[in-house]
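Worksheet for the structure shown next.
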Protein chains: 2
Amino acid sequence: MNTDNNMVETPKLPEEIHYYLWNRIATLELRPGVKLSELGLAEQFNCSRIPVREAVRRLNIEGALESQPQRGSFVSKINLDKVRKVRYLREVLETRVVLDAFDAGLLDPLVPLLKGMINDQKTMISFNEMEKLTEADTLFHDFFYHLQHKEFVQEHTGRYDIHYIRARRFALGVERSDDQKYDDSINIVSQHERIADAIERHDRQALEDELKHHFRNINHTLEKVSANEEFEALFES
Amino acid sequence: MNTDNNMVETPKLPEEIHYYLWNRIATLELRPGVKLSELGLAEQFNCSRIPVREAVRRLNIEGALESQPQRGSFVSKINLDKVRKVRYLREVLETRVVLDAFDAGLLDPLVPLLKGMINDQKTMISFNEMEKLTEADTLFHDFFYHLQHKEFVQEHTGRYDIHYIRARRFALGVERSDDQKYDDSINIVSQHERIADAIERHDRQALEDELKHHFRNINHTLEKVSANEEFEALFES
DNA sequence: CCCCTCAAACTTGTATACAATCACAAGATA
DNA sequence: TATCTTGTGATTGTATACAAGTTTGAGGGG
């Protein structure tokens, strides 16, 4: 997110506050719609409003907060339109990165590694470790970017987009009841499996189709979940 | 309850300042390396440092300014690495958008329109109207995004990236001497022409190749220009 | 019970003041 | 002359104070 220079700088106060709030919002500990106040945060961080204000302004730019003059600052609701747009970018870019790696013959020797990751993911589901599964899913996708030295693409494909990040927690079922979450999680991992299978079979067209299907999956899940009354308050109307 | 969000809001001071500075930096009126100070800007805008500070912080996030504590705020040099990354995104995404439009058969009836735009571009070159050519180039590329209702993609493909924007002025020769600029400008317009020709000939592979060649053109131009001593000071080492 | 009035408490927007650090130039010293 | 010291101004970081608008809730009237 922030272009970390090589030097270990003392984290400045506004960055510290921004980092703390961003993470609390991304993990939904701070629920969409919750009201924050600059003064309250200032007391919490034992400083004046100025450093807090800088963090709040940045969170506004990133779409994590929405400050209204003389009213307050509210944690933004998850914007499904934004999620759909980021999803499209991700489909186009990540498909290209994976297929380029495939065409370069880089993926064949790595099929066993991929299958190992997928087995780990299955284990996490069986032990109901959904937070770990979220990390494992991130790792699975990061893998292809690193292989192609295209990590920077992720800055534009939802790796740091607060709306996509939060939506993904639902797609992976982290925020849902047990009976709801297993279906989608198993789906996602089985999609990973079919991607690995297509690579193993050297079936380029199948790989492309499975990738697109995988990325579009989040849409289907979200349309379903966002219509659920239980979660209505989390999404922008 | 008068929650009219449709009302035309008075542009807030920080946004006004941000907009003004962003444009001055994007057009290179404020040259890379130039030093600004919050207090000086505050006097210029007849306000206190607080609204200025907000604009400056945002320009820092966007990479247009680099503020150093107790030293000053400096207009950033053009970062060629960032330009290359944005160029890659643009190649992948815009190629996909254009080819999707091609596959949907949307482009055939619009070939005359494209040729008209290209003729206008040629006229601008002959009259040495490089600023207008920049706008016309923008319009030519926007055209495909609008056709596919994918305008939002441009937010991620350099339409608003300060480094790419400034680099593009060089690719189009706006900031260079007459003898230097004609070559590259004519190249760019003739590339547009070959793109239109490929569409007219229904040659999908040629269209894809010409698009990629067109997007990669900015790299060649920039490697050449950034090595020129005359412009060395504008680029990050 | 419902609705209106109004004042106090909040909240963000902005101004001013001070603190901490850096750059630079003038002067002292060898 | 060359180098170090030092003081002054400049610049960003932070704190406090006030301005302007919004929310909230108590109290009164119907």
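Throughout, protein chains are lettered first and strands after them, A, B, ... in sequence-line order, and every chain is numbered starting at 1. It should be emphasised that the depicted structure is a prediction, and the values quoted were computed from it without experimental measurement.
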(request) Look at all strands and tell whether B/L36 reaches a base, only sugar-phosphate, or nothing, counting heavy atoms closer than 4.0 Å. (result) sugar-phosphate
(request) Determine the contact category for B/S37: base if any of its heavy atoms lies under 4.0 Å from a base atom, sugar-phosphate if only primed atoms, P, OP1 or OP2 are that close, otherwise nothing. (result) sugar-phosphate
(message) Can you give me the first and the last nucleotide of DNA chain C (5' to 3') that has an atom within less than 4.0 angstrom of a non-hydrogen atom in chain A?
(response) C/dT11 to C/dT14
(message) If the cut-off is 4.0 Å, is B/R53 near the phosphate of D/dT12, judged by side-chain N/O to OP1 or OP2?
(response) no
(message) Looking at D/dT12, I'd like to know if its phosphate oxygens (OP1 or OP2) sit under 4.0 Å from a side-chain N or O belonging to B/S73.
(response) yes
(message) If you assign each of A/P69 and A/E54 to its closest nucleotide in DNA chain D, which residue comes earlier from the 5' end?
(response) A/E54
(request) By nearest nucleotide on DNA chain D, pick out whichever of B/L39 and A/S48 is the more 5' one. (result) B/L39
(message) Aromatic contact between B/F140 and B/F144, with the criterion being ring centroids under 6.0 Å apart: yes or no?
(response) yes
(message) In this structure, is the centre-to-centre distance between the rings of A/H141 and A/H192 below 6.0 Å?
(response) yes
(message) If I take atom CD from residue B/E54 and atom CZ from residue A/R53, how far apart are they, to the nearest 0.5 angstrom?
(response) 5.0 Å
Distance in angstrom units between [X] [atom1] and [N] [atom2], rounded:
X: B/K12; N: D/dG21; atom1: NZ; atom2: C1'; result: 13 Å
X: A/Q68; N: D/dT22; atom1: CD; atom2: C1'; result: 11 Å
X: B/Q70; N: D/dG9; atom1: CD; atom2: P; result: 18 Å
X: B/K35; N: D/dA10; atom1: NZ; atom2: P; result: 10 Å
X: B/L65; N: D/dT11; atom1: CG; atom2: C1'; result: 14 Å
X: B/I50; N: D/dT12; atom1: CD1; atom2: C1'; result: 12 Å

(request) Assess the side chains of A/E236 and A/H163: does a donor N or O sit below 3.5 Å from an acceptor N or O? (result) no
(request) Could you verify whether a donor N or O on one side chain and an acceptor N or O on the other, from B/Q191 and B/N217, lie under 3.5 Å apart? (result) yes
(message) Tell me whether the side-chain N or O atoms of B/R57 pair up with the base of D/dG13 as donor and acceptor below 3.5 Å, since no angle test is needed here.
(response) no
(request) Flag the pair B/E175 and B/R168 as a salt bridge only when some basic side-chain nitrogen lies within less than 4.0 angstrom of an acidic carboxylate oxygen. (result) no
(request) Check whether any side-chain N or O of B/R166 sits under 3.5 Å from a backbone N or O of B/I162 as a donor-acceptor pair, and report yes or no. (result) yes
